[in-house]
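See below for the structure under consideration.
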Amino acid sequence: MKLLRDEVEELIGQALAKSGITGDNWRNMLAPSRDTSQGDLSLPCFPLAKQLSKNPIELAQTIADEISSHPAIGQVLAVGGYLNIKADMNWLAQQVLSGKVRVGDPFGSLSSTGRKVLIEHTSANPNGPFHVGRARNAILGDSLVRLHRLFGNEVRAEYYVDDMGKQVAVLAWALANLSEQQVEETLVGRDGVNPRWSGKADHETVRWYQAAQKIRGEEDAQAIEEEIGRLVHASEHGDQEVLQQFEAAYQPVLDGMLTTLSRLGIDFDTFTKESEFVINGDVAKLMQRLSEMEIYGEADNGAGYLDLGQRGLKGKTEFFFRRGDGSSLYATRDIAYHMWKWQQSDELINVLGEDHKLQGKQVGMTLQELGQKVPEIMFYSFIKLPEGKMSTRKGNVVFMDDLLEEAQAQAASVVRELRPDYQEQQVLEIAEAVGVSAVRFNIVKVSPDKGFTFRWEEALAFEAGSAPFIMYSHTRAHSVMKRCIEAGADIDSILAEEIDYSNQEMPNGLVELLRTIARHNDVLGKAVNLRKPHLFATQLLDLANAYNGFYRDCHILVEGVPNPFYLQVSETARNLLRTGMQGIGIIPLEQM
RNA sequence: GGGCGUGUAGCAUAGCUGGAUAAUGCAUCGGCCUCCUAAGCCGAAGACCGCGGGUUCAAAUCCUGCCGCGCCCGCCA
């Protein structure tokens with residue numbers, strides 16, 4: 001709890017100095033208490049006692065006695081070698097209500113921290129609809145974007161469009177050479193396009209891609225392979241005509257994919273095409289520089305690599321950046337892209353699947369060789385299905401479009417049951433918000449480096465521990481405020497009212513809510529700086545839970561008259577809930 | 001085979017820059033709607049924190065060895 005820490009750290013330092021403690025090491029040991037019944041901040045005195053050859057239990061007591069009274073401190077206790085400091089709740093309430101807890105803006109583009117951050121995420125190959133696995137990138141990435149903005153950083157969200165190379169070439173070839181009939185014949189026996197998505201280009205066009213992949217795997221595909229190879233080669237040498245053909249093939253697919261993301265509330269500030277760096281010559285210049293390095297090596301056919309083993313890379317040490325025919329590789333272009341990105345922003349973050357770990361290492365080390373900074377990377381593990389790995393090829397996938405439909409339908413049936421008086425239009429709007437929020441939250445709440453098994457029943461569970469639980473607390477807060485207005489209260493003047501904190505009842509639910517609010521921005525900072533959005537998801541769950549406890553213990557509106565203190569607390573919590581929810585893509589409803 | 005990651009109640013997870021009685025949800029069992037929306041609240045039960053060693057006053061957390069799972073080890077993207 002930084003609020004309290006800032007207030008009492010010097011006091012503790014003075015008490016420690018009196019006891020003979022030198023140095024600052026204790027500052028790292030001063031940490032939030034594990035349990036709020038013990039306190040808000042705790043200092044384990046064991047190493048300090050050792051330094052002084054004293055008994056830790058006695059030392060803790062000595063320090064506790066030394067700490068002079070301070071308005072922020074409610075209680076200081078020495079327990080079994082720990083120094084426990086509890087905030088004074090009236091002081092804390094005063095802090096919380098006097099604007100010491102910053103309410104950020106997850107859509108803000110102006111920086112209050114002065115940090116400029118470029119976050120590249122998703123960047124999926126535009127060859128087919130998002131399945132739940134690919135969408136983890138987009139959901140984590142977009143949450144990180146929003147949280148950075150909420151924190152006060154100036155963020156640019158960027159999609160790197162893979163507009164060249166084999167995957168797009170296969171798609172372009174298929175569209176140029178296969179008729180609809182051929183595609184259907186090739187894919188006979190497989191599920192067709194869900195009629196719900198007919199006309200959506202990512203769902204339609206992916207069949208051409210799938211058919212081409214199948215045909216390529218068959219025997220007499222030599223000529224086709226050569227033709228695709230020619231296209232790949234041409235694109236990698238910046239052949240404008242071929243690149244235009246590629247773009248015509250992938251753009252509608254990409255648009256379809258972006259429609260899905262947009263339903264999830266995900267959008268981008270900029271799109272940068274991979275081919276740009278081939279066309280403008282950056283890649284050629286880069287390859288020239290790399291081939292002049294002392295760790296440069298060359299294969300018999302002229303292919304170029306860096307021996308990163310000489311820089312400490314373990315495992316496969318040769319990093320190839322140029323083919324025998326002189327063309328660049330994906331990773332080479334990625335390096336050129338990063339050099340460009342470093343001209344755009346002070347901080348770079350990439351969101352990548354765990355399959356890119358080696359590549360990320362190679363790109364990072366090469367950037368270092370070039371005297372460039374290394375980007376931060378948020379790696380995430382894959383989402384699998386109970387039946388195993390997700391694979392478009394095997395038809396073992398859950399499309400995000402289907403999940404969102406299903407989630408909305410499920411939410412709608414819950415709303416209809418719980419709120420029989422709602423109009424159908426209203427039901428559908430609530431259901432859409434609940435569905436999208438639940439889908440996002442289920443992915444955000446899990447640590448990125450943890451594998452994740454997608455289960456329908458979990459994705460569609462709307463109880464405690466899920467997004468609707470948080471949404472529900474928010475609607476409660478909103479509803480209370482609305483009731484106060486309906487009762488004729490002048491909210492603005494109540495919110496501006498000076499509270500006499502010395503004379504307030506402090507039930508448990510209120511105390512816990514104040515503490516949770518006091519921690520809010522500490523957690524946000526941690527989630528942002530460690531790239532762990534799930535920590536903030538947990539905080540929102542805590543906040544919603546604490547709000548429910550407060551709502552239980554503190555009646556805000558009693559006989560038509562609002563309690564000004566409680567209403568101020570409620571409004572602070574509501575605002576933090578609202579912006580916090582938006583920070584991870586949960587939609588704050590006023591009614592549900 | 002090598003590299004990286006992961007293993008926590010029946011299930012799904014949090015905690016991992018070392019600190020006290022390991023936290024939350026689902027499922028199970030019990031209680032709460034004449035009172036601001038019960039998608040809620042209160043309570044019970046449930047854990048050799050994968051296994052073995054080590055470091056430490058203190059280990060789920062750090063080191064090490066095994067075991068299980070995932071990803072990577074194209075002149076693919």
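Chain letters run A, B, ... following the sequence lines, proteins first and then strands; every chain starts at 1.
A:Ala299 comes within 4.0 angstrom of a nucleotide base, judged by non-hydrogen atoms across all strands. As judged by a 4.0 angstrom heavy-atom cut-off over every strand, A:Ile556 is placed among the base-contacting residues. Across all strands, A:Leu329 comes closer than 4.0 Å only to sugar-phosphate atoms, never to a base (heavy-atom distances). Residue-level contact check: A:Pro47 touches the bases, meaning some heavy atom is under 4.0 Å from a base atom. Counting non-hydrogen atoms under 4.0 angstrom, A:Glu298 reaches nothing in the nucleic acid. Counting non-hydrogen atoms under 4.0 angstrom, A:Leu541 reaches nothing in the nucleic acid. At a threshold of 4.0 angstrom between heavy atoms, the contacts of A:Cys45 with the nucleic acid are absent. Residue contacts for A:Met29: at a heavy-atom cut-off of 4.0 Å it reaches no nucleic acid atom on any strand shown. Nucleic acid contact class of A:Asn84 (heavy atoms, under 4.0 Å, all strands): base. No engagement by A:Lys482 is indicated, since no non-hydrogen atom pair under 4.0 Å with the nucleic acid exists. Residue contacts for A:Phe320: at a heavy-atom cut-off of 4.0 Å it reaches a base atom on one of the strands shown. Residue A:Asp325 is classed as having no contact, given no heavy-atom separation below 4.0 Å to the nucleic acid. Nucleic acid contact class of A:Phe321 (heavy atoms, under 4.0 Å, all strands): none. In this structure, A:Val415 reaches the bases: a heavy-atom distance under 4.0 Å links it to at least one base atom across the strands shown.
Using cut-offs of 30° and 60° on the angle between ring planes, the pair A:Tyr551 and A:Tyr547 is tilted.
Between the side chain of A:His474 and the backbone N or O of A:Leu589, at least one donor-acceptor pair lies under 3.5 Å.
B:G25 and B:C62: their P atoms are spaced 26 Å apart (whole Å). With P as the reference atom, B:G1 and B:G40 are 49 Å apart, rounded to whole Å. Look at the P atom in both B:A14 and B:G74: the space between them is 31 Å, to the nearest Å. Atom C1' of B:C66 sits at a distance of 38 Å from the matching atom of B:C75, rounded to the whole Å. A gap of 34 Å separates the C1' atoms of B:C29 and B:G68, to the nearest Å. Across B:A23 and B:A47, the matching P atoms stand 13 Å from one another, rounded to whole Å. For the C1' atoms, the distance linking B:U21 with B:G53 amounts to 27 Å, nearest Å. Of the P atoms belonging to B:G7 and B:C51, the separation is 13 Å, rounded to the nearest Å.
Open room surrounds CG on A:Asp300; 12 or fewer heavy atoms of other groups in view lie less than 6.0 Å from it. Other residues, nucleotides and ligands contribute over 12 non-hydrogen atoms within 6.0 Å of the NZ atom of A:Lys445. Around the CD atom of A:Glu417, the shell of radius 6.0 Å holds no more than 12 heavy atoms that belong to other residues, nucleotides or ligands. Few gaps surround CD on A:Glu486; more than 12 heavy atoms of other groups in view lie less than 6.0 Å from it.
Contact check for A:Tyr159 versus A:Phe271: side-chain heavy atoms found under the 4.5 Å cut-off. Between A:Ser275 and A:Ser235 there is no side-chain heavy-atom pair separated by less than 4.5 Å. Side-chain contact check for A:Tyr82 versus A:Leu77: every heavy-atom pair is 4.5 Å or farther apart.
Spacing between atom CG of A:Leu48 and atom P of B:A58 amounts to 17 Å, rounded to whole angstrom units. A:Gln539 has its CD atom 14 Å from the C1' atom of B:A23, to the nearest Å. Rounded to a whole Å, the CD atom of A:Gln362 is 10 Å from the P atom of B:G74.
Cation-pi geometry between A:Lys357 and A:Phe379 is satisfied (NZ or CZ under 6.0 Å from the ring centre, within 45° of the ring normal).
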Could you go over nucleotides 2-11 of chain B and give all protein N or O partners under 3.5 Å, atom names and distances?
residue, atom, partner, partner atom, Å
B:G7, OP1, A:Lys450, NZ, 2.6

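Using Watson-Crick or G-U wobble geometry with both donor-acceptor distances under 3.5 Å, B:U61 finds no partner in any strand shown. Pair check for B:G43 finds B:C29; Watson-Crick or G-U wobble, both atom distances under 3.5 Å. The partner of B:G7 is B:C67, by the rule that a Watson-Crick or G-U pair needs both atom distances under 3.5 Å.
A stacking contact links A:Phe46 to B:G19: the aromatic ring centre lies within less than 5.5 Å of the base's six-membered ring centre, and the planes differ by less than 30°. Stacking between A:His555 and the base of B:C36 is present: ring centres sit under 5.5 Å apart and the planes differ by under 30 degrees.
Residue order along RNA chain B, read from the 5' end via each residue's closest nucleotide, puts A:Gly80 first among A:Arg483 and A:Gly80. Mapping A:Ile430 and A:Ser466 onto RNA chain B by nearest heavy atom places A:Ser466 closer to the 5' end of the strand.
A:Lys50 has a side-chain polar atom (N or O) that falls below the 4.0 Å cut-off from OP1 or OP2 of B:C57. Distances shorter than 4.0 Å separate none of the side-chain N or O atoms of A:Lys532 from OP1 or OP2 on B:G15. When the side-chain nitrogen and oxygen atoms of A:Asn548 are compared with OP1 and OP2 of B:C41, one or more of them lie within a distance under 4.0 Å. Phosphate proximity of B:A38 to A:Arg476: present, with a side-chain N or O under 4.0 Å from OP1 or OP2. The side chain of A:Arg552 places no N or O atom within less than 4.0 Å of a non-bridging phosphate oxygen (OP1 or OP2) of B:C35.
Taking 90° from 0 as the syn/anti boundary, the base of B:C33 is oriented syn.
Salt bridge annotation for A:Glu590-A:Lys482: absent, with no cationic side-chain nitrogen under 4.0 angstrom from a carboxylate oxygen.
Below the 3.5 angstrom threshold, one finds no donor paired with an acceptor across the side chain of A:Asp355 and the base of B:C72.
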